[in-house]
Amino acid sequence: MEFLESLNDAQRKAVEHINGPAMIIAGAGSGKTRVLTFKIAYLIYKGIDPFNILSLTFTNKAAKEMKERIASSVGESYAKNLWMGTFHSVFAKILRIEHQKIGFPSNFTIYDTDDSKSLIKTLLKDMNLDPKVYKPGLVYNRISSAKNNLISANEYSKNSAIISEDTRSSKPLIYELYKKYQNKLLRAGAMDFDDLLFKTNELLRDDPQVLHKYQNKFKYIMVDEFQDTNFSQFTILKRLAALFENITVVGDDAQSIYAFRGANIQNILNFNKTYPDAEVFRLEQNYRSTQNIVNAANSVISKNKEQLKKTVWTQNDVGEKIRVFRNNSDQEEGMAIANEIFRLNNETHLDFESYAILYRTNAQSRALEEALRKSDIPYRIYGGLSFYQRKEIKDLLGYFRVTLNPNDEEAIKRIINFPVRGIGKTTIDKMVLAATENDTGLWQVLTDPIGYNCNLNGPTVAKIRSFADLIKSFRIIIEKESAYDSGQKIAASSGLLKEFYADKSAEGLSRYENIQELLAGLKEFSEDQKEQGLPNGLADFMSEVALLSDQDNTADDQKEKVTLMTIHAAKGLEFPYVFVAGLEENLFPSQLSINSREDLEEERRLFYVALTRAKKRVHVSYALTRFKWGNLIYCEPSRFIEDISEEFLDYPYLENQTQRFHEYTKKQQPSISIPSNAPKPYSPPRNLKKLSSSSPSNFEGSPSELIITGAEVEHQRFGKGKVLQVEGQSPNKKATVFFQGIGQKQLLLKFAKLKVL
DNA sequence: TAATGTAGAGTTTTT
DNA sequence: CTCTACATTA
């Protein structure tokens with residue numbers, strides 16, 4: 001066990017602790033992950049069966065990396081028996097095993113946030129509620145936080161405090177929505193993210209046999225990022241650990257930055273109350289950053305009231321002070337950072353991947369990107385729309401979902417008329433109505449439209465039948481074929497591949513590429529699973545995919561590129577040089593946080609996280625003016641800059657510059673007008689199209705019989721074009737026309753006026 | 001049914 | 001400003 005030699009005293013003690021509850025408070029950069037992996041390896045060396053170890057992490061990526069590290073230390077054959085993953089993925093797995101006990105199919109669907117919100121929208125329509133008052137996002141958050149606090153729909157409706165809170169915000173019927181929402185999920189054989197934890201809690205609470213089974217299986221439990229767990233998660237832990245109490249949690253209260261989505265910092269602050277015998281280990285030596293960075297970060301976090309006692313220190317060099325950049329505008333801020341990176345790079349000859357620019361909101365990336373582009377500095381930006389949220393990906397996954405679970409109504413609605421097969425809104429509404437009246441699901445109606453008496457005409461019934469048959473044929477395919485083969489066939493037979501292939505616009509091209517990428521992922525999955533002798537069907541793929549995120553796709557193309565990301569996304573990462581941009585009041589700290597101490601403290605922890613990402617030097621910057629939604633606004637430097645003790649700051653111009661700024665703004669007030677000498681951003685001319693399309697309309701179309709393949713035609717708006725194809729029967733005759741300079745368009749002849757030339 | 005127009009909203013994010 | 005969701009129009 002010579003690996004223990006490489007640990008410091010505190011780390012080694014934490015690793016060697018085996019029995020009983022333990023809390024490891026791990027300061028930033030203190031080698032937390034190393035301790036956790038070593039501890040698991042140590043348990044295995046001590047003869048504990050990996051089969052009895054459960055290790056929970058914040059992301060799948062973290063789990064995967066840790067598993068690999070353990071495998072390289074104790075051997076693959078041991079490591080593969082470890083249960084390792086996020087709360088959601090581990091307990092989804094268990095719920096699939098125990099599905100009968102909770103009344104769900106084993107291949108239940110996991111609804112993502114979009115599915116949930118769309119379901120809430122349809123419920124609002126049913127109940128005739130105004131979606132402007134009952135904003136789906138708000139309703140969802142309300143239900144989500146109830147679930148995270150283990151309040152069922154029934155308990156919710158009986159909780160007077162909650163009801164009166166909802167009434168005060170003029171949304172008294174949320175309890176009703178919650179109930180209906182759960183009913184719909186049950187009927188759809190679906191769970192949302194919170195349900196995965198909620199149902200696990202119910203299962204462990206109500207079924208002593210199941211509880212006993214998993215208590216005995218998971219004799220040793222490790223939890224990473226414990227500061228970001230919520231009540232529901234902690235309750236699961238308490239239940240599972242109740243028998244042996246071999247639970248080790250690792251975390252840093254100073255880095256708790258996810259309260260806004262239900263994480264409860266009290267879990268870590270009060271761990272000792274739940275487990276009075278818990279041994280507490282403090283990892284306080286920082287191996288990452290210079291003394292100046294560590295001390296500056298400490299001075300910031302000390303302004304928070306709620307925290308566990310610890311003193312992070314380092315033996316590293318003193319290093320340089322935190323540099324403060326003051327700028328007149330967000331553009332200038334970007335240029336200042338770009339210039340500094342350029343200068344540093346000449347000086348140090350480091351790769352561009354040594355630099356990160358961190359910010360509070362994604363919207364800030366634009367000005368920064370522009371500056372980097374102008375300076376020819378390569379960068380990679382994280383965030384934005386994730387791969388799995390893209391339309392085309394959700395479309396294909398929608399087909400997979402319906403195939404696996406035809407009760408998945410959100411997925412049915414997504415794909416039933418995409419690609420278009422003539423089943424429109426009216427038809428769907430009729431069938432939904434029939435389903436509601438007969439107290440059944442949409443799929444049942446789809447498979448027997450006549451039996452349910454939906455008042456549909458013959459051709460429509462035929463279209464519905466052929467859609468149902470299509471799905472049924474997919475069900476046969478996935479019975480015996482691999483995920484890849486099934487996926488390939490479904491993508492082709494559904495018409496999706498053709499649909500995206502036909503679209504030759506830039507967007508269409510990238511959509512097609514994304515579909516291909518997903519199929520490539522399926523292929524990789526199928527082959528990997530087969531190699532390992534594991535099941536490789538579509539169902540197996542789908543049971544994992546709902547819980548994956550972009551960060552799990554370890555794309556290694558960030559080499560030689562500057563990293564741009566939000567501070568949240570930077571958690572757990574490190575860079576030699578870090579730029580924290582936009583340190584302005586109402587931006588960082590965010591405007592929404594400055595009214596409560598708790599929220600403000602969370603923002604301050606976020607700043608702490610930002611500072612402690614850096615190894616060598618930190619630059620913080622702010623702008624005096626910034627464009628927000630097209631308007632120039634004036635900004636004040638963030639209070640967080642003053643939270644850094646002056647001795648660690650390099651703030652050359654602080655006094656005279658800010659003073660000048662204040663004089664300047666005073667002069668301008670009270671009329672908030674843009675001074676003529678203020679920098680104006682470049683904005684390209686817009687709405688050119690509008691000007692060219694406003695001609696009076698006395699345009700006559702030719703009769704549809706004259707519109708034939710090959711004909712040269714003219715359209716009022718699109719101009720001259722050539723008919724490539726005509727399909728369908730009058731009055732639903734459709735022509736595909738190629739217009740010069742515009743591209744291919746599909747037009748319904750009963751609407752579009754086309755003149756034959 | 002599909003393209004186009006318009007109103008409204010707009011932290012942080014993983015599962 | 002920019003994106004999205006819904007209504008409108010052909």
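Chain identifiers are assigned alphabetically (A, B, ...) following the order of the sequence lines, protein sequences preceding nucleic acid strands; residue numbering begins at 1 within each chain. Keep in mind the model is a prediction, meaning the values are calculated, not measured.
Looking at the side chain of A:Phe193, the nearest of the listed nucleotides B:dT15, B:dT12, C:dT2 is B:dT15. The nucleotide whose nearest atom lies closest to any side-chain atom of A:Val420 is, among C:dT2, B:dT1, B:dT15, B:dT1. Nearest to the side chain of A:Asn417, among B:dT12, B:dT1, B:dT15, sits B:dT1.
Between A:Lys394 and A:Asp112 there is a salt bridge, since at least one side-chain N of the basic residue sits less than 4.0 Å from a carboxylate O of the acidic one. A salt bridge links A:Arg597 to A:Glu601: at least one charged side-chain nitrogen sits closer than 4.0 Å to a carboxylate oxygen. With respect to A:Asp253 and A:Arg605, no salt bridge is recorded, no charged nitrogen being found less than 4.0 Å from a carboxylate O.
Atoms CD (A:Glu585) and P (B:dT11) sit 19 Å apart, rounded to a whole Å. Distance A:Asn148 CG to B:dT14 P: 16 Å, rounded to the nearest Å. Per the geometry, CD belonging to A:Gln389 stands 11 Å off P belonging to B:dT15, to the nearest Å. A straight line from OH of A:Tyr388 to C1' of B:dT13 spans 17 Å, rounded to a whole angstrom. In this structure, the CD atom of A:Glu544 is 13 Å from the P atom of B:dT15, given to the nearest Å. Per the geometry, CD belonging to A:Glu601 stands 18 Å off C1' belonging to B:dT12, to the nearest Å. Here the C1' atom of nucleotide B:dT11 and the CZ atom of A:Phe607 are 18 Å apart, to the nearest Å.
Between A:His568 and A:Phe58, the residue anchored nearer the 5' end of DNA chain B, judged by the nucleotide with its closest heavy atom, is A:His568. Between A:Thr426 and A:Arg261, the residue anchored closer to the 5' end of DNA chain B is A:Thr426, taking for each the nucleotide with the nearest heavy atom.
As judged by a 4.0 angstrom heavy-atom cut-off over every strand, A:Tyr258 is placed among residues touching the sugar-phosphate backbone only. Counting any heavy atom pair closer than 4.0 Å across all strands shown, A:Glu603 reaches a base atom. If you check every strand for non-hydrogen atoms under 4.0 Å, A:Arg605 touches nothing. Backbone-only contact: A:Ile423 has heavy atoms under 4.0 Å from sugar-phosphate atoms and none from a base.
Residue A:Lys121 places at least one side-chain N or O under 4.0 Å from the OP1 or OP2 atom of C:dC6. Contact annotation: A:Thr566 reaches the phosphate of B:dT13 (side-chain N/O to OP1 or OP2, under 4.0 Å). In terms of phosphate contacts, A:Asn60 brings no side-chain nitrogen or oxygen within less than 4.0 Å of OP1 or OP2 of B:dT14. Within the 4.0 Å cut-off from OP1 or OP2 of B:dT13, at least one side-chain nitrogen or oxygen of A:Asn362 is found. Between A:Arg421 and B:dT1 there is no side-chain N or O to OP1 or OP2 distance below 4.0 Å.
Distance check: A:Glu225 CD to A:Phe87 CZ gives 11.5 Å after rounding to the nearest 0.5 Å.
Note: A:Phe418 and A:Phe500 have tilted aromatic rings, judged against thresholds of 30 and 60 degrees for the angle between ring planes. Ring orientation note: the planes of A:Tyr258 and A:Phe58 are tilted relative to one another, at an angle of 30° to 60°.
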Pick out the pairs of N or O atoms, protein on one side and nucleotides 7-10 of chain B on the other, that lie under 3.5 Å.
unit_1, atom_1, unit_2, atom_2, d
B:dG10, N3, A:Trp629, NE1, 3.1

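Contact of A:Thr113 with B:dT15 (side chain to base): a donor-acceptor pair of N or O atoms is detected under 3.5 Å.
Checked against ring pair (Phe, Tyr, Trp, His ring centres under 6.0 Å), A:Tyr111 has no partners two or more places apart in sequence or in another chain.
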Table please: side-chain donor-acceptor pairs of residues 124-132 of chain A below 3.5 Å, with sequence neighbours left out.
unit_1, atom_1, unit_2, atom_2, d
A:Asp130, OD1, A:Lys132, N, 2.9

